[in-house]
Amino acid sequence: MKLVSTRDSKVTIGALDAVLKGISSEGGLFIPETLPRLSEAEILAMKNLSYPELAAEILSIFFEEIEKPEMLKMTKSAYASFDAPEIIPIKKLEDNLFVMELFHGPTLAFKDVALQMLPRLMAKALEKQKTKENVLILTATSGDTGKAALEGFCDVDRVKIVVFYPNEGVSEMQKLQMVTQEGDNTFVYAVNGNFDDTQNGVKAIFTDAGAIMQIIQKGYVLSSANSINIGRLTPQVVYYFWAYLQLVKSGALKPGEAMDAAVPTGNFGNILAAYYARAMGLPIGKLICASNSNKVLTDFFKQQNYSIKDREFIKTISPSMDILISSNLERLVADMVGSDAVVRELMQALKNQAAYDISPYIDKVKAALFYAGWASEPETKATIQEVFEKNGYLCDPHTAVGVKVAKEYMAETGGKTPCVVASTASPYKFSGDVLDALQRQTAFDDAFLQAEKLSDVSGTPLPKKISELKQKTIRHTGVIEKPDMLNAILADI
Ligand SMILES: *Cc1c(COP(=O)(O)O)cnc(C)c1O
């Protein structure tokens, strides 16, 4: 599939090459020039496929260079480590409200779904390019991407990966998962600052010709495992098809009938994948964009104005959504305004004035596909408790944000359309806060004791990945300042 840059439509690239390149040289993101539309019959024909089979079908649409049998091998091995037989279980909370559990991979967060595929796509891209260079993966993380990328790329040939996370910006369990990462090719640093500082630091390296030169001189080409990489986005499109087909199979949806999708959102990758699935013909009604107290996206959809001016970065119990500059939104903006010149202008305004106004350009029909809402911290906690007590389901704080906004939308509209909430992390990654929400917090500040307690309180089993973590040695202890990120990288390669 041919992709173009959001900031310069003359820049085109094949999907597989874009996986290696990550971001376009002038700072734009790669988007499909056109998305093929599947018919209702074509979609329903995939009803009985297993998850890896469905993934092979959908991913082959994007990566035409990879033959379908080969793609199937890749998807099968990518999802072999998931601890649920269906890979992505769909569970019913109540009438017309479902969750799809995306967190059964090695790091217990939805990022695994894409990050178990990305290294395999990258290996194919390297093979095709016949390059002799090594690849350096640079990643900024708000908690879950980092660990999932480290797991995905651990001991992959000709690849080194450096992960930066905001010191104090991630949960104890997330931090432990990262600092205990094994593999000779993995490097992890805490950066003094918040996620946006960390992400901006990484973005600056990607667009700094001098930095890129120094990295090339060491024999590495730069690539990214962040959700701006098209190799991250495409595997996420698959599970919306999956959810839809499972609901049809179970009779919760009639064939052709629309479902809504509610997504706890940070960098706008997950919900953009739903938007792409819809553009490919999947009957999705509303795209429900759920934010935490960092509700820049809620305001964006309500006011058609993206502004981080005077907006304080708020640390919440859903840290993977603590983001003010939502990178993937640029892809939606590009689609809604339909002009690279306008995207350039808007992104320049974001950089210079910390805001942009999209209202003069917006495609009203496309904008109306979205419903946006947010959950405050008390609302998030109340939702965790309510869902546990009323629906018998234990959800993590990110998922709770999604459920809260989904329920709000359903209450406003009568709740006649089945709605699937993306459940993005295991509650065990955030045991302390979940216990607190259930009003069962104890004096423990040890993340493992909290996880054990949560298992007792909820009657759900402690995931093996959590208990195993306890035995692991801490290997990565570096804490650095933002201006030292490049030097840290150069010392490692
Ligand atoms: C990354 C993440 C999100 C946000 O997803 P985006 O694609 O960045 O919008 C939500 N929940 C969890 C648990 C995450 O790890």
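- The CG atom of L282 sits 9.0 Å away from atom CG of L38, with the distance rounded to the nearest 0.5 Å.
- Atom CG of residue N267 and atom OG of residue S320 lie 10.5 Å apart, to the nearest 0.5 angstrom.
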- Task: Apply salt bridge (charged side-chain N to carboxylate O under 4.0 Å, His left out) to the pair D83 and K465, showing each step before the final yes or no.
- Result: CA-CA 10 Å; D83 72 2; K465 293 283 175 223; over 6 Å; no
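- Without hydrogens or angle criteria, D340 side chain to S9 main chain gives a donor-acceptor distance under 3.5 Å.
- In this structure, E57 CD and L72 CG are separated by 9.0 Å, a value rounded to the nearest 0.5 Å.
- A side-chain donor-acceptor contact under 3.5 Å links D396 and T399.
- Between the D112 side chain and the T107 main chain, a donor and an acceptor come within less than 3.5 Å of each other.
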Worksheet item: Is there a salt bridge (charged side-chain N to carboxylate O under 4.0 Å, His left out) between E70 and K124 once you walk through the steps?
Response: CA-CA 10 Å; E70 184 56 26; K124 282 283 163 227; 3.0 Å; yes
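- Using a 4.0 Å cut-off between charged nitrogen and carboxylate oxygen, R7 and E330 count as a salt-bridge pair.
- Side-chain contact annotation: Y276 with D335, donor-acceptor N/O pair under 3.5 Å absent.
- Salt-bridge check for K472 with E468: failed, with every basic side-chain N at 4.0 Å or more from each acidic carboxylate O.
- The backbone N or O of K111 lies less than 3.5 Å from no partner atom in the side chain of D144, so there is not a single donor-acceptor pair.
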For this session: Test side chain to side chain contact (heavy atoms under 4.5 Å, CB included) on Y220 and E133 and set out the steps.
Result: CA-CA 6 Å; Y220 284 84; E133 288 119 339; over 6 Å; no
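- Rounded to the nearest 0.5 Å, atoms CD1 (I205) and NZ (K203) are 13.0 Å apart.
- The aromatic ring centres of F430 and H398 sit less than 6.0 Å apart.
- Here K295 pairs with D299 in a salt bridge; the nearest charged N to carboxylate O distance falls below 4.0 Å.
- Counting only heavy atoms from C-beta outward, the side chains of T265 and N270 never approach each other to under 4.5 Å.
- Between the Y244 side chain and the L253 main chain, no donor and acceptor come within less than 3.5 Å of each other.
- Q246 is not listed as a side-chain neighbour of F98, based on a closest heavy-atom distance of 4.5 Å or more.
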For side chain to side chain contact (heavy atoms under 4.5 Å, CB included), just list the numbers for I288 and V263, CA-CA rounded to whole Å, side-chain angles, deciding distance to a tenth of an Å, and then say yes or no.
-> CA-CA 6 Å; I288 300 169; V263 187; over 6 Å; no
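- For the pair Q174 (side chain) and S171 (backbone), a donor-acceptor distance under 3.5 Å is present.
- A donor-acceptor pair under 3.5 Å is formed between the side chain of N292 and the backbone N or O of S318.
- With 3.5 Å as the limit, one finds a donor-acceptor pair spanning the side chains of T460 and S458.
- A pairwise comparison of heavy atoms in P397 and V434 identifies CD-CG2, 3.9 Å as the closest pair.
- Under the 4.5 Å side-chain criterion, counting only non-hydrogen atoms from C-beta, S327 is not in contact with R331.
- Here the side chains of T424 and F103 are not in contact, with every heavy-atom distance at 4.5 Å or above.
- The closest side-chain heavy-atom distance from P463 to L108 is below 4.5 Å.
- Counting only distance, with no hydrogens or angles, the side chain of N229 and the backbone of A225 share no donor-acceptor pair below 3.5 Å.
- At a cut-off of 3.5 Å, with distance as the only test, a side-chain donor of Q177 or K429 sits close to an acceptor on the other residue.
- The two atoms that bring P235 and R232 nearest to each other are CD-O, 3.2 Å, heavy atoms only.
- For D155, the CG atom counts as densely surrounded, since its 6.0 Å shell holds more than 12 non-hydrogen atoms of other residues, nucleotides or ligands.
- Looking only at side-chain heavy atoms (C-beta outward), E151 and C154 stay at 4.5 Å or farther from each other.
- Under the 4.5 Å side-chain criterion, counting only non-hydrogen atoms from C-beta, Q116 is in contact with S81.
- Taking the six-membered ring where the residue is Trp, the centroids of Y79 and Y51 are separated by under 6.0 Å.
- The shortest side-chain heavy-atom distance between Y361 and M336 does not fall under the 4.5 Å cut-off.
- Looking at Y240, Y275, F62 one by one, the single match for side chain to side chain contact (heavy atoms under 4.5 Å, CB included) with M280 turns out to be F62.
- Electrostatic pairing of R344 and D8 does not count as a salt bridge here, judged by no charged N lying under 4.0 Å from a carboxylate O.
- In this structure, OG1 on T12 lies 5.0 Å from NZ on K2, to the nearest 0.5 angstrom.
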Margin query: I'd like to know whether K407 forms a salt bridge (charged side-chain N to carboxylate O under 4.0 Å, His left out) with E94, so could you lay out the CA-CA distance, the side-chain angles of the two residues, the decisive distance to 0.1 Å, and finally the verdict.
Written below: CA-CA 11 Å; K407 284 189 168 180; E94 57 189 46; 3.8 Å; yes
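- A donor-acceptor distance shorter than 3.5 angstrom exists from the side chain of S39 to the backbone of E42, with no hydrogens or angles considered.
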| request: Check the pair N294, I323 against side chain to side chain contact (heavy atoms under 4.5 Å, CB included), reporting the backbone distance first and the verdict last. | output: CA-CA 7 Å; N294 295 292; I323 291 170; over 6 Å; no
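- Here the CE-CD1 distance, from M1 to I230, works out to 8.5 Å after rounding to the nearest 0.5 Å.
- Between the side chain of S291 and the main chain of W374, no donor-acceptor pair closer than 3.5 Å is present.
- Scanning both residues, T383 and A400, for their nearest heavy atoms gives CG2-O, 3.5 Å.
- Classified by interplanar angle (parallel below 30°, tilted 30° to 60°, perpendicular above 60°), the ring pair F301/F370 is parallel.
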Applying side chain to side chain contact (heavy atoms under 4.5 Å, CB included), run through K76 and K73 and close with a yes or a no. CA-CA 5 Å; K76 277 187 172 161; K73 273 192 211 155; 5.9 Å; no
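- A donor-acceptor distance shorter than 3.5 angstrom exists from the side chain of S339 to the backbone of V342, with no hydrogens or angles considered.
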